[in-house]
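So you know, we letter chains A, B, ... as the sequences are listed, proteins then strands, and number each from 1.
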Amino acid sequence: MERHCFVHQGEYSMDPVVTRFPPSPTGYLHIGGARTALFNWLFARHHHGKFILRIEDTDVARSTDASIKAILDAMEWLGLYWDDGPYFQTKRLPFYQDYLQRLLDSGKAYYCNCTPESLERRRQAALAAGKKPKYDGLCRDRGLGPGPDRVVRFRCPDVGTTVLNDLIKGPIFFDNAELDDLVLQRSDGMPTYNFAVVVDDITMNVTHVIRGDDHVNNTPRQILIYQALGTPLPQFGHVPMILGEDRTRMSKRHGATSVMAYKDMGFLPEAMVNYLVRLGWSYGDQEIFHLEELVEKFSLEHVGKSAGVFNQEKLLWINAHHIKERSPESLVPLLEPFLMERGYPRKPAAYLSKAIRTLQARARTLVEMADSMRFYMVENMEYDSDAAKKFLVPTLRAPFQRLMESMERLENFDEASLENVFSEVVAGLGMKLGKLAQPVRVALTGGTVSPGLFEIMDVLGKQTVLKRLGRALEYLNAV
RNA sequence: GUCCCCAUCGUCUAGCCCGGUCCAGGACACCGGCCUUUCACGCCGGCAACACCGGUUCAAAUCCGGUUGGGGACGCCA
């Protein structure tokens, strides 16, 4: 209810804004993570602050180098460059040990030798008894020291209330009695997530923790650790989740969840950013945004509180928009991988640009564009059989011959001249342009759907056009 | 089971904090039409929502309470 007052807390401080994105390298960068990264990046940029990339690799068993690379690649593809890092938690072990010792020394943490099996049994029992499956505090006061197979737990206060003044959701109250003595350090010596984040955010001077909704319940535990350590709290902002069509947490069965999968499907990074930012954030009625503009306009107070459904239709529309908006030249390098993939012969960039220009309004993705580019690229494209049967008929012999004769004489093979040629032929034969256009289209592209005839011919050039017309003439003579 | 969050068109959302200007605005999708050498693009128009119940008030999408529904979290994962 007092949202604005919370939102402004950070702005009154003299501290420069520091945000971070802390993925765990156990897979690719997914849609939700990308949006979190984007929000953090935008917030930092907007406030002229710093954006840190931190790899949370304390789960040694599941972390992989391939994942790290995949995540970094995706961040770069989106244009979310970091100012600092990437840091790796596994290389910061002394920090965690230092802070852990402080907690141990002050009695805020203790050793525990409960086995995972025993813990699991007790959890199940609690659940069966209708109670919350939290740690029962067995080792709390046993005064255990370090030893093999022992973890360190946080001594969580069992009375009182912890308040999270969330930048997005407002104040949230938690009964400390609901929380339990979470593990800070595993038996292998690695810090756990909840402890490592706190230590890292403290030592990296993070001022704003912007992350997914699913972390709300971790926050009171982290706040308690900050308090036990006697360090000031950062500001927290919890962004709502992204759901699939069925309104459950987005997963692979809802379609692609990897950011790079969208790159492969022919989406532009700016379209991805544009779509992602609008999923949960708004600026009045505006739909189209560019990165630079977002830096200026982004703020947490316009981030909504409710979860949103990922909608690929809208992404397609936004992608189509950005494709139209880009210069053809800038699209060339992005499209090239897709052209290679299709095994098309190489063409000069200038040729590709001209072809792209005719397709920009017709393609929603680079995949669609590469597909419809075929007739521009392949020497002898095949005729669509239905189209050929319907349009390449013997009555076109005279019109085609006349066209070719007139074109042969053309000095400037450009759209305007071509249009004149067509008008003359059509007028001379007393037919409608429409009657001639489709057969020519089939002759030139193999199909009935394509950019405007004159632009196509302009791109293809005199030689190719005459060749294809000639080939069509042979075809309809043979029918 | 316990705790936490959320609730405006099918979807993303504006509006809600500071009640009247909202018989609720924009966008995607969908349906018509226009443009037109095909397909698109573009333009014009249409369909479609304040979850429910109660309270406060002259007045509630907006404030309060409850119900229902949905989501999330309860790990030596992050």
Item to check | Qualifying residues under side-chain hydrogen bond (donor to acceptor under 3.5 Å, both in side chains), relative to A:Asn194, sequence neighbours excluded | outcome: none
Checklist entry - Closer than 4.0 Å, any side-chain N/O of A:Ser187 to the OP1 or OP2 of B:C76? => result no
Checklist entry - What one-letter contact string describes nucleotides 24-44 of chain B from 5' to 3', where B marks a base within less than 4.0 Å of any protein heavy atom, S marks contact via sugar-phosphate atoms alone, and - marks no contact? => result -BBBSS-------BBBBS---
Next on the checklist: If the condition is side chain to side chain contact (heavy atoms under 4.5 Å, CB included), which residues does A:Arg364 pass it with, not counting sequence neighbours?
Outcome noted: A:Glu313, A:Leu316, A:Ala320, A:Glu368
Checklist entry - So which nucleotide does B:U56 pair with, by the Watson-Crick or G-U wobble rule with both distances under 3.5 Å? => result none
Item to check | Sugar-phosphate, base or nothing in reach of A:Thr248, heavy atoms under 4.0 Å | outcome: sugar-phosphate
Item to check | Partners passing side-chain hydrogen bond (donor to acceptor under 3.5 Å, both in side chains) against A:Arg397 (at least two apart in sequence or in another chain) | outcome: A:Asn477
Next on the checklist: If you apply the rule salt bridge (Lys or Arg N to Asp or Glu O under 4.0 Å), what do you find for A:Asp180 with A:Arg221, and how did you get there?
Outcome noted: CA-CA 9 Å; A:Asp180 68 354; A:Arg221 302 168 203 282; 3.2 Å; yes
Checklist entry - Residues two or more places apart in sequence or in another chain: which of them pass side-chain hydrogen bond (donor to acceptor under 3.5 Å, both in side chains) with A:Asp246? => result A:Thr248, A:Arg253, A:His254
Next on the checklist: Taking only the C1' atom of each, what is the distance from B:C53 to B:C17 in whole angstrom?
Outcome noted: 25 Å
Checklist entry - So what's B:G45 paired with, Watson-Crick or G-U wobble, going by both distances under 3.5 Å? => result B:C31
Next on the checklist: Determine whether a donor-acceptor pair (N or O, by modelled atom type, separation under 3.5 Å) exists between the side chain of A:Asn319 and the backbone of A:Leu268.
Outcome noted: yes
Checklist outcome for this item: Applying side chain to side chain contact (heavy atoms under 4.5 Å, CB included) to A:Glu455 and not counting sequence neighbours gives A:Arg357, A:Thr358, A:Arg362, A:Glu415, A:Pro451
Checklist entry - Is it true that the side chains of A:Arg441 and A:Gln438 contain a donor and an acceptor less than 3.5 Å apart? => result yes
Item to check | Residues in contact with RNA chain B, drawn from residues 109-124 of chain A - heavy-atom cutoff 4.0 Å | outcome: A:Cys114, A:Pro116, A:Arg123
Next on the checklist: So A:His215, base contact, sugar-phosphate only, or nothing? Heavy-atom distance under 4.0 Å.
Outcome noted: base
Checklist entry - With rounding to whole Å, what would you report as the distance between B:C12 and B:G71 at their P atoms? => result 14 Å
Item to check | Partners passing side-chain hydrogen bond (donor to acceptor under 3.5 Å, both in side chains) against A:Asp201 (at least two apart in sequence or in another chain) | outcome: A:Arg20, A:Arg54
Next on the checklist: Once you apply a heavy-atom cut-off of 4.0 Å, does A:Thr58 come out as touching a base, just sugar-phosphate, or nothing?
Outcome noted: sugar-phosphate
Next on the checklist: Quick check for you: among B:C74, B:C76, B:G72, whose closest atom lies nearest to any side-chain atom of A:Val151?
Outcome noted: B:C76
Polar pairs (N or O, both sides) under 3.5 Å between protein and nucleotides 46-48 of chain B?
none

Next on the checklist: Taking side-chain contact (heavy atoms from CB on, under 4.5 Å) as the criterion, tell me which of A:Leu466, A:Val425, A:Val465, A:Val421 meets it with A:Met404.
Outcome noted: A:Leu466
Item to check | Nucleotide of B:G70, B:G1, B:A78 approaching A:Lys132 most closely (side-chain heavy atoms) | outcome: B:G1
Next on the checklist: Checking base pairs now: Watson-Crick or wobble, both atom distances under 3.5 Å. What partners B:C18?
Outcome noted: none
Next on the checklist: According to ring-ring contact (aromatic ring centres under 6.0 Å, His included), does anything in residues 179-199 of chain A pair up with another residue at least two apart or in another chain? List the pairs.
Outcome noted: A:Tyr193-A:His215
Checklist entry - Over how many whole Å does the gap from A:Asn194 atom CG to B:A73 atom P extend? => result 13 Å
Item to check | Test item: side-chain donor near acceptor, A:Thr90 and A:Asp57, under 3.5 Å | outcome: yes
Next on the checklist: Just by distance, no angles: are the side chains of A:Arg122 and A:Ser118 close enough, under 3.5 Å, to form a donor-acceptor pair?
Outcome noted: yes
Checklist entry - Residues from residues 30-38 of chain A sitting under 4.0 Å of RNA chain B, heavy atoms only? => result none
Checklist entry - Using the C1' atom in both, what is the distance from B:C22 to B:G42, to the nearest Å? => result 30 Å
Next on the checklist: At 4.0 Å (heavy atoms only), tell me whether A:Gly280 reaches a base, stays on the sugar-phosphate, or touches nothing.
Outcome noted: sugar-phosphate
Checklist entry - Under 4.0 Å between a side-chain N or O of A:Arg221 and OP1 or OP2 of B:C74? => result no
Checklist entry - With rounding to whole Å, what would you report as the distance between B:G26 and B:A14 at their P atoms? => result 15 Å
Checklist entry - Should the ring pair A:Tyr283 and A:His302 be called parallel, tilted or perpendicular, given that the plane angle runs from 0 to 90° and is split at 30 and 60? => result perpendicular
Next on the checklist: For A:Thr162 and A:Asn176, which I'm curious about, is there any donor-acceptor pair between the side chains at under 3.5 Å?
Outcome noted: yes
Checklist entry - A:Met250 or A:Leu127: which one's nearest nucleotide on RNA chain B is closer to the 5' end? => result A:Leu127
Checklist entry - A:Glu178 side chain: which of B:U2, B:G1, B:A14 is closest? => result B:U2
Checklist entry - Cut-off 3.5 Å, side chains only: do A:Gln97 and A:Gln101 have a donor facing an acceptor? => result no
Item to check | Exercise: do A:Asn420 and A:Ser423 side chains pair donor with acceptor under 3.5 Å | outcome: no
Checklist entry - Quick one: A:Asn218 CG to B:G75 P, roughly how many Å, whole number? => result 11 Å
Checklist entry - Partner of B:C74 by Watson-Crick or G-U wobble geometry, both contacts under 3.5 Å, or none? => result B:G1
Item to check | Pairwise C1' distance, B:A60 and B:U21 [rounded to whole Å] | outcome: 15 Å
Checklist entry - In whole Å, what separates the P atom of B:C52 from that of B:U62? => result 10 Å
Checklist entry - Expressed in whole Å, how much space separates the C1' atoms belonging to B:U11 and B:A73? => result 26 Å
Checklist entry - Less than 4.0 Å between a side-chain N and a carboxylate O, is that true for A:Glu287 and A:Lys314? => result yes
Checklist entry - Which whole-number value in Å describes the distance from A:Tyr283 OH to B:U13 C1'? => result 16 Å
Look for any protein N or O under 3.5 Å of an N or O in nucleotides 4-7 of chain B and output each such pair with its distance, or none.
{"from": "B:C5", "atom 1": "O2'", "to": "A:Lys169", "atom 2": "NZ", "distance (Å)": "2.8"}

Checklist entry - Side chain of A:Asn274, backbone of A:Phe289: donor and acceptor closer than 3.5 Å? => result yes
Next on the checklist: Can you tell me the base-pairing partner of B:U36? Count Watson-Crick or G-U wobble geometry only, both distances below 3.5 Å, and say none if there is no partner.
Outcome noted: none
Item to check | Between B:U68 and B:A51 - C1' atom distance, rounded Å | outcome: 8 Å
